[in-house]
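The next block holds one structure in the form of structure tokens; read it before the comments.
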Amino acid sequence: MDLFQIAKGAALRMAADSKPRVRFAPSPTGYLHVGGARTALFNWLFARHEGGTFILRVEDTDVERNKPELVDGILDGLRWLGVQWDEGPYFQSQRMDLYRAAAERLVASGSAFACYCKAIQYAGADAVVEGEEGAEKAARTPPCPCRDMAPAERQEKERQGLPRAIRFATPRTGVTRFEDAVFGPREVQNAEIEDFVLLRSSGVPTYQLGAVVDDIDMRITHIIRGADHLSNTPKQALLYAALGAPAPIFAHVPLILGADRTRLSKRHGATSVGSYSEEGFLPEAFRNFLALLGWSTGSDEEFLRTSELIARFTLSGISRTNAIFDRPKLEWFNSQYLQKLPLEELLPYVKAELQRAGLWRDAWDAAEREWFAHTVDLLRPRTRLLPDFATWARAFFSDDFDYDAEARAKFWKDHKLPDLLGKLAAALDALADWNHDACDHALRALAEAEGVKAGLLINATRVAIVGRAVAPPLFETMVVLGKDRVVSRLRRALPHVAAP
RNA sequence: GGCGAUAUCGUCUAACGGUUAGGACGGAGCCCUCUCAAGGCUCAAAUCCGGGUUCGAUUCCCGGUAUCGCUACCA
């Protein structure tokens, strides 16, 4: 290996090192909600676009709220979403020594101090609002006096073995700056920043410490996260400096709100990713919708498959305003994907749905694969969610279906119908060839002979053979169902038509 | 209360000093038609308010207002 080769290798290594490293860091205090899902998606899109690395880290330091059993649900949600992580999942609960060591280092260097105050319970957001004029400032947390404690007193507290938290010694003056790819360069007065806790008296790190120590350790280059963290970022910028590490680029993503403009929560209906999976949304449609919530390409195109999202994703396209979760638009995206996806990509989803409904037949994957594909293709313009295939379109996959009440009321009114449908069954039964035009001709000939409009027969027949008023065009439906089924279903329907 | 961010049709958004302020969802209507969708066409619908700067502000600055966030030994 000559010098050139060595230099080239070094250059390549540097190039590899300069690739972005990003992370998604959920805490297992709840399911994966749409806000978190979008944050994960943005991180993933950014990593894929840049050829970087996407890391998954579980921030499970809050022993009180943490529910380990929720981790699997979050991972499942991410898998369904299709955002594969390249490293991890790492668990903060398994890295405690790292945070404690960092806290001790900060105390040793004078950037942090031990605090012996009693922990103040969070009073809730309403606590401040409640105060009448005059008393309104009472709820502010007082500054911790331990920072300026005399050495003798401190020794005494230590000797007594009092529980101690570690707080950051925020500079009293000056400003702290950081760079945000979405909100631009930011600066805050240090005087506005309290001496925040780094290590709880239990020895467990807070979010601020854990996140920064891990982001340094994991060599994170871009922190893409919810804008609810924007106000706290100066604290972390301070921590980076105190820990002697360069700060990463931040990119704060605006929040997703409910229809009432408040933070998305349970009372807004489905907010967990899992519920959208269960409802029968296609992951790619969900990704497309989510990606466009708070990010745009700058163009008018909206139907963007994942490869296109990756190709176009940039941090500069991220919006600065909160977005409201718009369910109708999500459904529109889903119906678009149901219609536009290459058929071969759609079939496995329909298969899974039919299996779930107990309607699946293995032949549809083998000898009758052609039939299955054609039927799905016929059905899909009228579907909005995956379960539509098993519910609304049930009669296409099973002989066990019933007649929709509204459809009967609307299309089985005419008293001539029992007679007409009986004759139609006979006419169809006599057909030598079974195809669209043959069915068409047979039905229209009968209509003409009987002096009724073809529509009367068509609509009544549709209800008889698929049980619903809403279905694909009749003759295509007949072809798909086949002669035997159509004729027998017509005859089976006769008594129901006679007695509506 | 303090600090901060944000502000374009109902919703998601485009515009990066000059446009009849564009697109999409949703809504209304028409076409197509055997139902319902899909598709095509059309319509209604927005620059929070007030001051500046400028020949010219959706766009830049200031103030107000509203909303959201942070202000926890939650993340």
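Values below: every heavy atom of this structure, side chains too, minus hydrogens, waters and symmetry copies. A, B, ... follow the sequence lines: proteins, then strands. Residue 1 opens every chain.
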- prompt: Could one point to a donor on the side chain of A:Ser231 or the base of B:rG4 with an acceptor on the other under 3.5 Å away?
  reply: no
field: Polar side-chain contact A:Ser201-B:rC73 base: donor and acceptor under 3.5 Å
entry: yes
Which part of the nucleic acid does [X] contact within heavy-atom distance under 4.0 Å: base, sugar-phosphate only, or nothing?
X        : answer
A:Ile324 : sugar-phosphate
A:Glu301 : nothing
A:Arg186 : sugar-phosphate
A:Asn322 : sugar-phosphate
A:Ala323 : sugar-phosphate
A:His252 : nothing
A:Pro473 : base
A:Glu302 : base
A:Glu187 : nothing

Compare the minimum distances between each of [options] and the side chain of [X], then state the nucleotide with the smallest one.
X        : options                : value
A:Lys329 : B:rG22, B:rC12, B:rG26 : B:rC12
A:Thr321 : B:rG69, B:rU13, B:rC34 : B:rU13
A:Arg261 : B:rA75, B:rA5, B:rU11  : B:rU11
A:Arg382 : B:rC3, B:rC36, B:rC68  : B:rC36
A:Glu59  : B:rC68, B:rA75, B:rU35 : B:rA75

Quote, to the nearest angstrom, the [atom1] distance that separates [N] from [M].
N      : M      : atom1 : result
B:rG17 : B:rG64 : C1'   : 25 Å
B:rU33 : B:rA66 : C1'   : 49 Å
B:rC70 : B:rG52 : C1'   : 32 Å

- prompt: Under 30°, 30 to 60°, or over 60°: which ring-plane class applies to A:Phe250 and A:Phe178, parallel, tilted or perpendicular?
  reply: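 Ring orientation, 0 to 90° scale: perpendicular.
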message: Please verify the inter-ring angle class for A:His496 with A:Tyr403; under 30° counts as parallel, over 60° as perpendicular, anything in between as tilted.
response: tilted
- prompt: With both distances under 3.5 Å as the test, what is the Watson-Crick or G-U wobble partner of B:rG4?
  reply: B:rC68
cation_pi(A:Arg394, A:Phe396) dist<6.0 Å, angle<=45: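 Judged by the rule (NZ or CZ under 6.0 Å from the ring centre, within 45° of its axis), A:Arg394 is not positioned above A:Phe396.
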query: Whole Å only: how far is the NE2 atom of A:His33 from the C1' atom of B:rA75?
result: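 About 10 Å, once rounded to whole Å.
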task: Compute the ring centroids of A:Phe289 and A:Phe325, then answer whether they are less than 6.0 Å apart.
output: yes
- request: Would you please indicate if the ring centroids of A:Phe303 and A:Tyr337 are separated by under 6.0 Å?
  value: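 Ring centres of A:Tyr337 and A:Phe303 closer than 6.0 Å.
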